[in-house]
Amino acid sequence: GAHPSTQMVMEAMESMKTSASHCLDLGSGSGILSIIAKKIGSGYTIGVDVDENAVKISQENAEVNKLPARSDMTDPEHYAGNWDQDPEVIDFITGNLIESRELREKVGLERYDLVVANILADIIIPLSAVIGECMKKEAVFISSGIINMKQEAVEVALKENGFEIVEIVTLGDWVSIVAK
């Protein structure tokens with residue numbers, strides 16, 4: 001959580017008071033944002049990453065932080081169909097939401113109050129075209145990991161895909177954009 005882009009997302013999440021929210025963490029990496037979401041009171045939380053190792057490490061990190069977690073790496077049969085979306089457990093799954101409508105449906109359409117993506121701008125841009133499907137009407141999308149040279153391109157993509165930019169925060173060369 002020491003990287004500026006991660007810090008900005010965590011601060012935005014804390015200021016939102018995510019209690020009882022459903023949270024979707026895209027590009028979950030080590031699982032830090034999913035863990036933070038649960039620690040500040042989020043309800044059902046799921047992290048998605050394209051890297052199988054990241055998914056496994058995310059589950060391990062959640063458990064080290066005394067949070068129950070499961071992943072498709074350790075419980076593949078559980079993920080064969082729709083899982084029960086237990087609000088006490090953080091789910092971590094492997095996949096690419098940009099490329100797979102089926103995965104977006106499996107994760108849940110119109111389900112999330114909060115979506116966080118601390119990944120590169122070049123991923124956030126195409127993600128902005130599809131992630132709205134998974135969000136409730138007044139949901140918040142916090143994107144970060146955006147180097148300042150790419151800020152304008154991300155803003156344009158968000159607006160073109162129906163998002164309203166609520167806040168832009170910078171820390172050093174990094175940018176975080178909060179949108180609805």
Side-chain angles (χ1 to χ4, degrees), residues 1-13 18 21-40 42-109 111-112 114-131 133-135 141-147 150 154 171 173-177:
H3 193 273
S5 64
T6 308
Q7 290 176 1
M8 290 185 289
V9 176
M10 290 188 309
E11 288 173 9
M13 290 170 69
T18 63
S21 299
H22 294 324
C23 179
L24 175 58
D25 177 8
L26 301 172
S28 58
S30 67
I32 183 78
L33 297 177
S34 294
I35 292 166
I36 294 296
K38 290 303 289 181
K39 293 279 186 181
I40 61 176
S42 181
Y44 178 68
T45 301
I46 185 169
V48 180
D49 202 292
V50 297
D51 182 346
E52 292 178 358
N53 290 324
V55 168
K56 185 176 181 193
I57 289 167
S58 294
Q59 179 185 4
E60 292 169 359
N61 286 339
E63 290 169 352
V64 164
N65 282 277
K66 304 203 181 340
L67 294 168
R70 65 183 163 226
S71 76
D72 58 355
M73 297 293 96
T74 57
D75 190 4
E77 292 201 14
H78 180 70
Y79 292 93
N82 292 325
W83 54 93
D84 58 0
Q85 300 179 341
D86 181 349
E88 300 302 315
V89 177
I90 302 176
D91 281 310
F92 292 103
I93 64 170
T94 309
N96 186 328
L97 288 178
I98 296 170
E99 295 177 359
S100 176
R101 166 85 176 165
E102 180 182 342
L103 182 60
R104 291 192 302 274
E105 290 173 355
K106 185 176 177 182
V107 165
L109 301 179
R111 177 164 178 80
Y112 298 93
L114 175 64
V115 175
V116 294
N118 185 20
I119 48 183
L120 300 173
D122 291 340
I123 298 170
I124 294 169
I125 290 168
L127 179 63
S128 70
V130 297
I131 197 55
E133 295 178 358
C134 296
M135 298 171 64
F141 178 36
I142 303 171
S143 58
S144 193
I146 305 162
I147 195 74
K150 301 272 188 164
V154 174
L171 186 57
D173 293 334
W174 298 97
V175 179
S176 177
I177 301 174

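- Ring geometry for Tyr44 against His22 counts as perpendicular: the plane angle is over 60°, on a 0 to 90° scale with 30° as the lower cut.
- The side-chain hydrogen bond (donor to acceptor under 3.5 Å, both in side chains) test applied to Asp49 returns no partner, not counting sequence neighbours.
- The two residues Ile146 and Ala121 make their nearest non-hydrogen contact at CG2-CB, 4.1 Å.
- Between Gly31 and Phe92, the shortest heavy-atom distance links the atoms CA-CE2, 4.0 Å.
- Closest approach of Asn65 to Lys39, counting heavy atoms only: O-NZ, 3.1 Å.
- Between Ser58 atom OG and Asn53 atom CG the span is 10.5 Å, to the nearest 0.5 Å.
- Interatomic distance, CG of Asp51 versus OG of Ser28, reported as 9.0 Å (0.5 Å rounding).
- Applying the side-chain hydrogen bond (donor to acceptor under 3.5 Å, both in side chains) test to Ser143 and every residue at least two apart in sequence or in another chain returns nothing.
- Considering CD1 of Ile46 and CZ of Arg70, their distance stands at 9.0 Å, rounded to 0.5 Å.
- For the salt bridge (Lys or Arg N to Asp or Glu O under 4.0 Å) test, no residue two or more places apart in sequence or in another chain qualifies with Glu63.
- Residues satisfying the side-chain hydrogen bond (donor to acceptor under 3.5 Å, both in side chains) criterion with Ser5, sequence neighbours excluded, are His3, Asn118.
- A distance of 12.0 Å separates CG in Asn61 from NZ in Lys56, rounded to the nearest 0.5 Å.
- Counting only heavy atoms from C-beta outward, the side chains of Leu26 and Val115 approach each other to under 4.5 Å.
- Across Ser71 and Val55, no two heavy atoms sit closer than the pair CB-CG1, 3.5 Å.
- Thr45 pairs by the side-chain contact (heavy atoms from CB on, under 4.5 Å) definition with Cys23, Ser34, Ala37, Lys38, Ser42, Ile90, not counting sequence neighbours.
- Side-chain contact between Ile36 and Val116 is absent, with no heavy-atom pair separated by less than 4.5 Å.
- Once rounded to the nearest 0.5 Å, the distance linking CD1 of Ile177 with CE of Met8 reads 9.5 Å.
- Across every non-hydrogen atom of Ala12 and Ile142, the tightest pair is CB-CD1, 3.7 Å.
- Remark: Leu109 engages Arg101, Arg104, Glu105, Glu133, Cys134 in a side-chain contact (heavy atoms from CB on, under 4.5 Å) (not counting sequence neighbours).
- Using a 4.5 Å heavy-atom cutoff, the side chains of Leu33 and Thr6 are in contact.
- Using a 4.5 Å heavy-atom cutoff, the side chains of Ile131 and Tyr112 are not in contact.
- Residues satisfying the side-chain hydrogen bond (donor to acceptor under 3.5 Å, both in side chains) test with Asp122, not counting sequence neighbours, are Lys150.
- Residues passing the side-chain contact (heavy atoms from CB on, under 4.5 Å) test with Ile125 are Ala153, Val154, Ala157, sequence neighbours excluded.
- A distance of 5.0 Å separates CD1 in Ile98 from CG in Leu127, rounded to the nearest 0.5 Å.
- For the residue pair Gln7 and Leu171, the shortest heavy atom distance occurs at OE1-CD2, 3.6 Å.
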Stepwise side chain to side chain contact (heavy atoms under 4.5 Å, CB included) check, Val48 with Leu24: CA-CA 8 Å; Val48 180; Leu24 175 58; 4.0 Å; yes
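- Side-chain contact check for Ile124 versus Ile119: some heavy-atom pair is nearer than 4.5 Å.
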